Structures are given as C-alpha cells and as structure tokens.
*Asks:* 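If you scroll down you'll find the structure; I have some questions about it.
We count ligands from 1, going down the list as the structure has it; atoms in each ligand are counted the same way. Numbers here simply count residues along the sequence, with the first being 1. It should be emphasised that the depicted structure is a prediction, and the values quoted were computed from it without experimental measurement.
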Amino acid sequence: MRSRVFAAVLCCLVAGFFPASAQSPGAQPAPPPADDPVKTLVERLDLNKYKATVKGLTQFGDRRQGTDRNRAAIDWIEAQLKSYGCTPAERIKYEYNPAPSQTGGRGRGRGTTAQGGGRLRGVRGRTGVNNDPNAQPDLKLRELNMQPMTPGPREFVFCTKVGTGHPEEMYIAGAHMDGHGWGEAANDDGSGTALVMELARVFSGPDVRTDRTIRFALWNNEETGSQGARAYIAQRQALQGKEDPAGSGKYPEPKWLGMIQHDIMLFDHGMPREDGTMSKEQRPEADVNVEFQVNSKMAAESQKLAWIFLVANEKYASDYPASVGSHMTNTDSGPFQDIIPAISLRENERGTQIGSGWDPQWHQPTDVFTTYSDKDFRLGLNAAQTTLGAIGTLTGATITK
Ligand SMILES: [Zn+2]
C-alpha cells in the first residue's frame, strides 16, 4: 500500500519534469536515451578528478573560518573555478564577530529526538567536535591547523553558469568550504565542495548550454551557523530577477528557483556496532540521503524538489541509490528553507544517523584524505551524478555540436 501510494505521488510530482520516466505506478525509470545530453554531461564526471579536487582542498588543513588557511583555500577554489571557465568568480563579503563563549560545535539532539526531528534509534556512537591539537598525530597537519580564528571580515566565492533562455532564473548548488576538528576536513566538507566544483567544471564546458542559470556557491562559516549563507540572503534576496543595467539582458541576481546543499558525502558504513566499532567498508546498500525540512514554509515545494533528485538518481547515478528524508537540519540550505525550495544531500541523514555517531570521522582529526577508500569516494561521485542529472534536466542543459 505504502509503496503504491508513494509511486503514485512520485508519478504526479515528477510528471512534466521527467516526461520519459515514472509515467505509471511501478514502472521502471526509462534509461536515458543514447543522445540524452544530460547523460553525456554526467559521463564527464570522473572518480579520479573528483578525488583530485578533494585532495587539493586538503592541502589547507581543516580550513577553519577566520584563518589564513581558510583564506588560502578560498583563493585556490577561485583559481580552480576560473580555470574551468566558470567566470566571473565573485565574492560575498561579511563580518563574523561571535560572542566569546560561542564555539563551533553542534550536537546531536536531546533524548530520543534528533536535531531537525526524527527519532534516534539503535546503537549510538560518540559525536562532538575535537578541539584538542594533540589529538592530531600528524605533526605537519597539526602545525598547519594551529592558527586560531580571529573575528572580523569574512568572504566566500561563487561562480555562475548563465542560462541562455532564462538568465533571470537560477538554481543554487552549494557546499561549505570551511571545516574544523584538526583534520583535513576531507569529507566534511571537502567532499561536498569538490562535488560542487566538479559540477562547475562540467557545466562550464565550452559546448554546454543551459536554458536557466546555475550558481555554484562555496559557503564559508557553515560550521559556526551558516553565517555565509545568511549574508548572501541578506545582501541579495531583494535583488532577485532584476535586470541591471536595464535593457542589458544581465541579471546579477537571478530569481532563486531552489537551493541544493552538499555536505559530507563519502561515508555510509552503517550503524556503529554494540562494541563501538564500525564496519571498515562502505556498506553495499549505501545511499545518498536527500533531505528537506517538513517543518518549513516551503516544505511542499522542497519535497517536490527532493523527489526530482530521487528520480534523477535512478536515471543517472552509476552505483548507489538515493533516499528522501524529511528532517533536513544543520545546513546552509536551512536559511533558505522558508524562502525557496531547499534540500540537502549527504552520506547519511544528518539528524538521526550522523547525529547518532554513524560517521566516526565527523569533526575529528581522522577526517583526512587517506581515511577513505574508492568505495567511499564513489558515493560522493554518485551524489554528483544525481545533482548533475537533476539540475541538468531542470535547467534544460544541451550540448552544442
Ligand atoms: Zn558539514
């Protein structure tokens, strides 16, 4: 019963977006036709390129906001985006002056209720943010991460693929480039940042056209409460859809059609065991968790966007499925969730699973590149395939001959 209702709902939601698929309950999603341009674009994603971009980010250690290593990472990201042809790369500037008592860490909810809603079930492992430099055994990395943050000016970078038919409307694909915990923030959120950079690379190909605009945003200050995303909204919300200068056909801030955040994409080894250990391998049934927040003003629209991503995953992702959950939380999509359709993609559900200790590297010194195997990186690649498939379809991507 439940699956039939689900299939019927899914069918209605996606009809019109994916005319070739899910037309009747229980139907297999039709494989993309051989000449599907979105399929060609998805095939331009590559595991080794994705890994190299994650690796590139790890040279800046944990990239904690308000430090030289964070600023150097922004410069490096900007240079990469420009090298892909994703220009101009622009910056948002804002101030971050936290109260002295405020620290970055955010926990896992209270009692059996997870952050964002949902129930904590089963075996739970430890969570928290490492603040002890000596917990990092790699002396070089410890030294790299040593500079503390100072309050004051902050920046982050974004670049934009301008749509040819509807430049005045856009989707935002985001990830946060800051991290903490005295590791390399390889997974949280090097994995999401690299994913969005890889999307920028593919969509910026000289032969790629999209009907609508796509913005690739690498937020800062997510770990301290999404101050980067909040600054973007404060500075830009009122500018949406305005042509400037008048008659130029240019829209510095296209109307926001949706915000898709990518955060901690690699590690889905399942629930911790009773003895506190974890499976060493990616679990074969690993999935990409697409979440929306049911208690938000745009819940209906965000849910619809999430199901579109599920269909895109079935159509375009090579290995791992997606699942949809209703408790999106602690993410740069949060500040958008009452304004526009907003979802997040993660390795696990943030509240019930990561919040229960399913990722032992989370905000820890062990979140370094060498912790992860190709099976882990492949989950991140599948999330990239999912988002590229969904956004490519939603923006009418084509390839010019
Ligand atoms: Zn994160």
*Asks:* Is the positively charged end of Lys55 above the ring of Phe369, judged by distance under 6.0 angstrom from the centroid and angle within 45° of the axis?
*Replies:*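 That pair qualifies as a cation-pi contact.
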
*Asks:* Taking 2.8 Å as the limit, list every protein N, O or S atom around the Zn ion (ligand 1), by chain and residue number.
*Replies:*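 Counting only protein N, O or S atoms under 2.8 Å from the Zn ion (ligand 1), the list reads His176 NE2, Asp188 OD1, Asp263 OD1, Asp263 OD2.
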
*Asks:* Is a side-chain donor or acceptor of Lys161 paired with a backbone partner of Thr213 at a separation under 3.5 angstrom?
*Replies:* no

*Asks:* What about Trp307 and Phe292, are their ring centers closer than 6.0 Å?
*Replies:*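 Here the rings of Phe292 and Trp307 have centres that are no less than 6.0 Å from each other.
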
*Asks:* Using the benzene-type ring in the case of Trp, are the ring centres of Trp362 and Phe267 under 6.0 Å apart?
*Replies:* no

*Asks:* Sequence neighbours excluded, which residues qualify as salt bridge (charged side-chain N to carboxylate O under 4.0 Å, His left out) partners of Asp68?
*Replies:*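 With sequence neighbours excluded, Asp68 shows a salt bridge (charged side-chain N to carboxylate O under 4.0 Å, His left out) to Arg71, given in chain and number order.
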
*Asks:* Can you tell me if Gln147 and Arg69 form a side-chain donor-acceptor pair at under 3.5 Å?
*Replies:*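 No, no side-chain donor-acceptor pair sits under 3.5 Å.
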
